[in-house]
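Chain letters run A, B, ... following the sequence lines, proteins first and then strands; every chain starts at 1.
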Amino acid sequence: MIAFDAAAVTVPAPAEATARQRGAVAPDTVIIAPTTLLLADRRVAVIGANGSGKSTLARMINGLTLPTTGAVTVAGLDTRSQGEQVRQKVGFIFADADAQVIMPTPLEDVMLSLRRSDLSARQRSARALDVLGRFGLADLASVPVQALSGGQKQLLAIAGVLVTEPDVLVCDEPTTRLDLRWRLAVDRLLAGLPQQVILVTHDLGVAAEFDRCLVVDHGVVIHDSSGSASVGAYRELAAAHPLPERA
Amino acid sequence: MRGWTGPLGLYVPGESWVHRSPSGVKLLLLLGATAVVATVPSLPLALGGVMTAVLLAWSAGLPAKPQLRTLRRVLLSLAPWGAIVWWQRGGDEAVELVFDLATALLLAAVLTATTRADALADSLTRACRPLDRWGFSSERFALMVALMLRAIPVLFATFSDVQEAARARGLGRSPQAYLVPFALRTVGRAQTTGDALTARGL
């Protein structure tokens, strides 16, 4: 259970903005307006325009971004004071798998996730190989990461997170950089997970299938209902406020 | 992104006795050998060092081509330095210096090619553990080493990426057209890596 309790994120306005106001301090820039939410559904999609705050919302769940005011809790653990424990429960997948994969080879990278466990090196290696096998990456266990395809790298990133058996998986546009076949493969993989999945995505077809879907706009959750209803609302919003045409 | 097959940072899987030797022993031998060739002024020793390193690479079953390429690059990049020493102190010392450095680099390449970064990090952690008493974090140090090993090929790939982007815009000759984006991308990469480390609870 993920709970946002009037959680907001603001950053101080840049100094130039204050200077323009002639002495009066410019108001803080709002990234996420005070938001109160309960996310208990097994599958939650988050959609919205670029820069709307959906990534920030996702990062707040595992404490990568802390609320400036209010609080975010996961299973009763506060992301501010119990960040470590929260991150043990919440796995996070970034859009750029290259940034997420830290070690030089897949086996080493998955083993790195297990460093904090009490397992011996041999057990960690066996467990990591087992997980890589489940993801169809066993043959690539010792191949340099830079030789993997984008899809294989994203799969590896997911394997590296799931090996620690988190309760929640937050995915920030995990399929944005993938081709269609890899996208379908990753979508299928996420759909089959026993974990709660929070998926930030631009793939409206996938979002429409979700039980619950949030639409974020200018830092505010403006719509919160079933996938198809939310996608409809987002389409209407985009149609009502198109980008200005330029020469 | 282009792959990179440089002297450091690439593990070549294998089952040779060099691969199987404990990583701590290999690390100690590398340190010892480097210290000896660096402090004992002897030309035969320097030549022997290079030969030993090549023999080790060969018996570890490392593919010959990249190794030879590495050797050539190492020697080429050391040549200007060797020339200066030759001019100042004479040929014997120059050759010795170049071969000493080549020994150290080749042995280090053999170590990283035959030892998984995780095993290397493990033995470094063990070696540094006594220092933990004085507030040193051996765990962090080991992770830092592993990150560095991964960063080397990534940095090279970033560099060739930004160079290609500059060339595509006809700016291939302007250093600031690729040095500035290279610096920015590297800092950006460091930030995302930091995020990834935090997210993974490390």
Side-chain angles (χ1 to χ4, degrees), chain A residues 55 58-59 61-65 83-117 120-121 124-125 128 139-150 153 157 160-161 163-164 166 169-170 172, chain B residues 1-6 8-15 19 22-23 66 112-123 125-126 139-140 142-158 160-161 185-186 188-202:
Chain A
S55 285
R59 292 164 60 95
I61 297 173
N62 76 338
L64 274 181
T65 299
E84 291 270 307
Q85 288 108 297
V86 167
R87 283 185 282 275
Q88 277 172 19
K89 286 189 182 296
V90 182
F92 199 98
I93 306 291
F94 295 83
D96 183 5
D98 247 317
Q100 176 141 15
V101 176
I102 290 163
M103 299 297 269
T105 65
L107 179 60
E108 295 167 80
D109 193 71
V110 177
M111 282 174 75
L112 178 71
S113 292
L114 297 170
R115 260 193 113 75
R116 283 282 154 92
S117 65
S120 70
R124 278 189 284 145
S125 167
D139 296 342
L140 301 169
S142 296
V143 168
V145 166
Q146 58 265 37
L148 302 186
S149 76
K153 252 183 260 186
V161 168
V163 72
T164 62
L169 195 64
V170 180
D172 189 2
Chain B
M1 226 189 253
R2 218 177 296 157
W4 184 67
T5 48
L8 284 170
L10 272 188
Y11 174 66
V12 182
E15 287 295 322
H19 283 88
S23 55
T112 48
T114 59
T115 316
R116 285 216 316 268
D118 195 64
L120 202 60
D122 263 348
S123 38
T125 317
R126 243 174 294 135
E139 189 82 10
R140 260 174 210 221
L143 183 63
M144 201 176 73
V145 171
L147 277 174
M148 199 177 66
L149 289 177
R150 165 94 172 109
I152 294 168
V154 171
L155 287 181
F156 270 80
T158 309
S160 79
D161 271 2
R185 272 209 216 181
T186 305
R189 155 77 48 166
Q191 273 170 347
T192 38
T193 305
D195 276 351
L197 284 170
T198 313
R200 291 175 69 173
L202 296 161

- Message: Does any backbone or side-chain atom of A:L64 lie under 4.5 Å from a heavy atom of chain B? Answer side chain, backbone, both or neither.
- Response: side chain

- Query: About how many Å separate OG1 of B:T193 and CD of A:Q100, when rounded to the nearest 0.5 Å?
  - Reply: 10.5 Å

- Item | Atom group of A:D109 that falls short of 4.5 Å from chain B, counting heavy atoms | both

- Check B:R189 against A:D98 and note the closest heavy-atom contact, atom names and distance. NH1-O, 3.2 Å

Please report, to 0.1 Å, the donor-acceptor pairs under 3.5 Å made by any side chain of residues 84-93 of chain A, with sequence neighbours excluded.
{"unit_1": "A:R87", "atom_1": "NE", "unit_2": "B:T198", "atom_2": "O", "d": "3.4"}
{"unit_1": "A:R87", "atom_1": "NH1", "unit_2": "A:N62", "atom_2": "O", "d": "3.1"}

- Message: Could you check whether any side-chain heavy atom of A:F94 comes within less than 4.5 Å of a side-chain heavy atom of B:D195, counting everything from C-beta outward?
- Response: yes

- What distance do A:I102 atom CD1 and B:R200 atom CZ have between them, rounded to the nearest 0.5 Å? 4.5 Å

- If you count heavy-atom pairs under 4.5 Å between each of A:V101, A:T105, A:V143 and chain B, which one has the most? A:V101

